[in-house]
Amino acid sequence: MFEVVLTRLRKRRAVFYGMGALFLLFLLCSCLYWLIHSCSADSHSTTGPGNIIEGIVFVNGTTSIGTIDDDFVCATLDWWPPEKCDYGTCSWGQASILNLDLNNKILKNAIKAFSPLKIRVGGTLQDRVMYQREGNPQPWACSPFVKNSSEFLGFSQGCLNLSRWDQLNIFFNKTGAVVVFGLNELRGKTIDSQGAVGAWNSSDAESLIRYTVSKGYTIHGWELGNEVSGGGVGTRVSSDQYAADLNSLQKIVDDIYAGFEVKPQVIAPGGFFDANWFTAFIEKTPKSLQVVTHHIYNLGPGSNDHLIEEILNPSTLDSRSNTFGRLQSILKSTGTRAVAWVGEAGGAYNSGHNLVTNAFVFSFWYLDQLGMASSFDTKTYCRQTLIGGNYGLLDTSTFAPNPDYYSALIFHRLMGNNVLPTNFSGTSKIRAYAHCSKKTQGITLLLINLDGDTTFHVLVSTENGSSSLMTSTTPENKNPRTKFAVNGKVTREEYHLTAKDGDLHSRTMLLNGKTLGVDSNGDIPPLEPIHVNESDPIAIAPFSIVFAQIPYINFSACK
């Protein structure tokens, strides 16, 4: 093409001869500039679909900024009966703690796949639950919830009978679940316009805990109350009274579990973050509180027609960091030994939104939450729900895993305890998080592309770490890179998550281009990575998520 331009210039030389050599030189440079930039635009477009942009993710390996539990990923089981309806839709079916089919193969396999999965048993109606007592001559009097708009929270009191409690614990034991149980904080209180007043009547709870111990059931933690902290939902309990009630629970646990080498954790308040209320409560429970739980529904109601715009908005995602940061500041300033958990998070309240909170697009919000919570030293993150509503990890009717189930499982298997400072330069559309890898050397990156038009080619920089690339020098592993060679080339493992047919509303997720789904036996499919050469950038397609397990980057923070 350059020769064509010169030929044309020669033909016009006679015309422009009198204008002098300076103009000719200017014209030649202008043509060359046009040619170079038109070719460049074809290969590296900055507008329109199919863009490719290069970027760098910086990971600092000198220290960790947080640590998470081995069973950081948690999911909830709720009390809502089939009559629970929102915006004209009844999305709970047979997913209640009281009626869930515990013999379903997919349900069992879905929990076993985590080995272990932490499960929080609780929800709004837990403060309306009574527990059948051992020796009760009339077990039939232990009634289920009945919808009644004139009663508190719209339902009558319900009851957990001991036979169902037995079934649940046998199920938890067989699936290897780590169980947290939410107790009724409103038992014995009077509810008026000022809130719920009076001391907690602990007799029901104490009876249930004693029965649990007598049967040899293992409970990881006992949580007191649900969403009655701060301003409350439906009603509230003052921080002073809540602290007194929690101290009573701690005394019960100490008494019943006397002589046990490991005692269950005492957990509270299971409500929405309110800085003043949380501070006062934590200061009054210095020896009774092991875990501070808060709930997250920052996307608004499930009826919101703009949920996808909110999910894909970096500013919306960033806004939650303030709560994580303020809670950590309170924990440090009060000197408590308690740690932070997210006890319940469904994103959009009132059961979520069909084809959004149970679809591929919700993994952008969910995985960003897991990454962000980790970076603020949150130890556990409980998703609302394991099953039930329109935000379950499993489909309420078929039990088939929704996309977020696979997102959670991959996070659980790859992201280790130590969280590393991570930053992506250039755009807020890429969300980047890094942990030391789980059960193997190296680091694992989580990269989320909120841009629907651009593929990012990402390189990893460790220049702000303690050294560029640190490798083990132990005699038995002087050159760890050779352990990860495929056909003589050093590789990393990548997991690319995309929506079927590119539809963000799809409830089918693809892993490296292959559909994820259970087989005829209800078995969870293997989650197999692709191997990518060390020298190649990480390619993040539009509206996709990538986990990259990089064994050849070894940091001091990961030893």
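The salt bridge (charged side-chain N to carboxylate O under 4.0 Å, His left out) check on Lys118 picks up Asp69, Asp71, with sequence neighbours excluded. Scored by the salt bridge (charged side-chain N to carboxylate O under 4.0 Å, His left out) test, Glu223 finds Arg120 as partners (sequence neighbours excluded). Considering only residues two or more places apart in sequence or on other chains, Arg128 meets the salt bridge (charged side-chain N to carboxylate O under 4.0 Å, His left out) condition with Glu151. The salt bridge (charged side-chain N to carboxylate O under 4.0 Å, His left out) search around Lys189 returns Glu185, Asp245, not counting sequence neighbours.
Counted by atom type alone, Ser288 and Asn247 present one or more donor-acceptor pairs between their side chains at under 3.5 Å. Neither side chain, Asp101 nor Gln94, offers a donor N or O lying under 3.5 Å from an acceptor on the other. Judged by distance alone, the side chains of Lys84 and Ser91 never bring a donor and an acceptor atom under 3.5 Å apart. Checking Asp78 against Thr76 by side-chain atom types alone, no donor-acceptor pair falls below 3.5 Å. Gln549 and Ser437 share a side-chain donor-acceptor pair at under 3.5 Å. A side-chain donor from one of Arg133 and Ser203 sits under 3.5 Å from a side-chain acceptor of the other. Residues Thr212 and Trp165 bring a donor and an acceptor atom of their side chains to less than 3.5 Å of each other.
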Atom pairs and distances, side-chain donor-acceptor, residues 393-400, under 3.5 Å, sequence neighbours left out:
unit_1 : atom_1 : unit_2 : atom_2 : d
Asp395 : OD1    : Arg507 : NH1    : 3.4
Asp395 : OD1    : Arg507 : NH2    : 2.7
Asp395 : OD2    : Ser397 : N      : 2.9
Asp395 : OD2    : Thr398 : N      : 2.7
Asp395 : OD2    : Thr398 : OG1    : 3.1
Thr396 : OG1    : Gly389 : O      : 3.2
Thr398 : OG1    : Ala400 : N      : 3.2

Please report, to 0.1 Å, the donor-acceptor pairs under 3.5 Å made by any side chain of residues 106-117, with sequence neighbours excluded.
unit_1 : atom_1 : unit_2 : atom_2 : d
Asn109 : ND2    : Lys105 : O      : 3.3
Asn109 : ND2    : Gly522 : O      : 2.8
Asn109 : ND2    : Asp523 : OD1    : 3.3

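The two residues Gly371 and Phe411 have their closest heavy-atom pair at N-CE1, 4.2 Å.
Within the 4.5 Å cutoff, side-chain heavy atoms of Val342 are placed close to those of His294. The side-chain heavy atoms of Leu98 and Phe145, taken from C-beta on, include a pair separated by under 4.5 Å. The closest side-chain heavy-atom distance from Val179 to Tyr217 is not below 4.5 Å. No side-chain heavy atom of Arg413 sits less than 4.5 Å from a side-chain heavy atom of Phe547.
Using bins of under 30°, 30° to 60° and over 60° for the plane-to-plane angle, the ring pair Tyr257/Phe260 lands in the perpendicular bin.
The CD1 atom of Ile68 lies 4.5 Å from the OG atom of Ser374; values are rounded to the nearest 0.5 Å.
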